[in-house]
Amino acid sequence: MRIRQGGSRAGCAAGRITQPSLFAGGALDASTTWLMNAIKAYPVTLPGLVGSHILDGCGHWIQQERPERINELLIDWLAGLS
């Protein structure tokens, strides 16, 4: 998510988020479907993207619907940051 303050992109270098990042979304989440083109562009717009995961059969509340899988993804991602 990009936050704009005073018309500029806060925390972004040239409109790109370069910090290590992880994306997880549910395949049944309307936001994921509406934003699929943006998600497909993440390798360009999020050069620090470590992983992008769309969880089948999962809706908007992925941490509630797939807590074990989300914990796995987060633990692996965090371990890779060190």
Side-chain angles (χ1 to χ4, degrees):
M1 176 180 289
R2 293 192 175 114
I3 299 172
R4 293 182 183 261
Q5 294 177 337
S8 66
R9 294 179 178 183
C12 300
R16 293 194 166 104
I17 298 173
T18 57
Q19 294 84 358
S21 51
L22 173 70
F23 174 79
L28 301 176
D29 181 359
S31 300
T32 303
T33 6
W34 295 335
L35 298 172
M36 191 53 69
N37 287 338
I39 293 168
K40 288 178 182 176
Y42 283 170
V44 172
T45 59
L46 301 171
L49 187 68
V50 174
S52 183
H53 306 272
I54 305 291
L55 306 180
D56 290 330
C58 193
H60 185 70
W61 298 107
I62 59 176
Q63 75 282 7
Q64 298 294 324
E65 298 176 50
R66 300 287 191 284
E68 296 86 9
R69 182 64 180 136
I70 293 302
N71 283 339
E72 261 178 31
L73 293 171
L74 286 171
I75 289 167
D76 289 347
W77 178 70
L78 289 169
L81 295 178
S82 58

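Counting from 1, the numbers follow the sequence of the chain as shown. Heavy-atom basis, side chains included; hydrogens, waters and symmetry copies ignored.
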- Item | Under 3.5 Å donor-acceptor, T32 side chain and G26 backbone |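 Yes, the answer is positive, given that a donor and an acceptor are paired below the 3.5 Å cut-off.
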- Message: Could you report the tightest heavy-atom contact between A27 and G57, atom names first, then the distance?
- Response: CB-N, 4.3 Å
- Which heavy-atom pair separates C58 from R66 by the least distance, and what is that distance?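 Where C58 meets R66 most closely, the heavy atoms are SG-CG, 3.8 Å.
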- Message: Give me each pair satisfying ring-ring contact (aromatic ring centres under 6.0 Å, His included) with a member in residues 21-40, each pair once, sequence neighbours excluded.
- Response: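 The answer is F23-Y42.
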- Query: Any salt bridge (Lys or Arg N to Asp or Glu O under 4.0 Å) pairs touching residues 42-53, not counting sequence neighbours?
  - Reply: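 Every pair satisfying salt bridge (Lys or Arg N to Asp or Glu O under 4.0 Å) with a residue in residues 42-53: there are none.
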- Message: Can you pull out every side-chain hydrogen bond (donor to acceptor under 3.5 Å, both in side chains) where at least one residue sits in residues 47-65? Sequence neighbours excluded, please.
- Response: D29-H60
- Item | With E72 via salt bridge (charged side-chain N to carboxylate O under 4.0 Å, His left out) - residues at least two apart | R69
- Message: Quick check on the hydrophobic clustering: are L28 and I54 connected, directly or via other members, by side-chain heavy-atom contacts under 4.5 Å?
- Response: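 No; tracing contacts between hydrophobic side chains, which count when under 4.5 Å, never links both residues.
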- Message: Clusters formed by hydrophobic residues whose side-chain heavy atoms approach within less than 4.5 Å: which one holds L74, and what are its other members?
- Response: L22, V50, L55, I62, I70, L73, W77, L78, L81
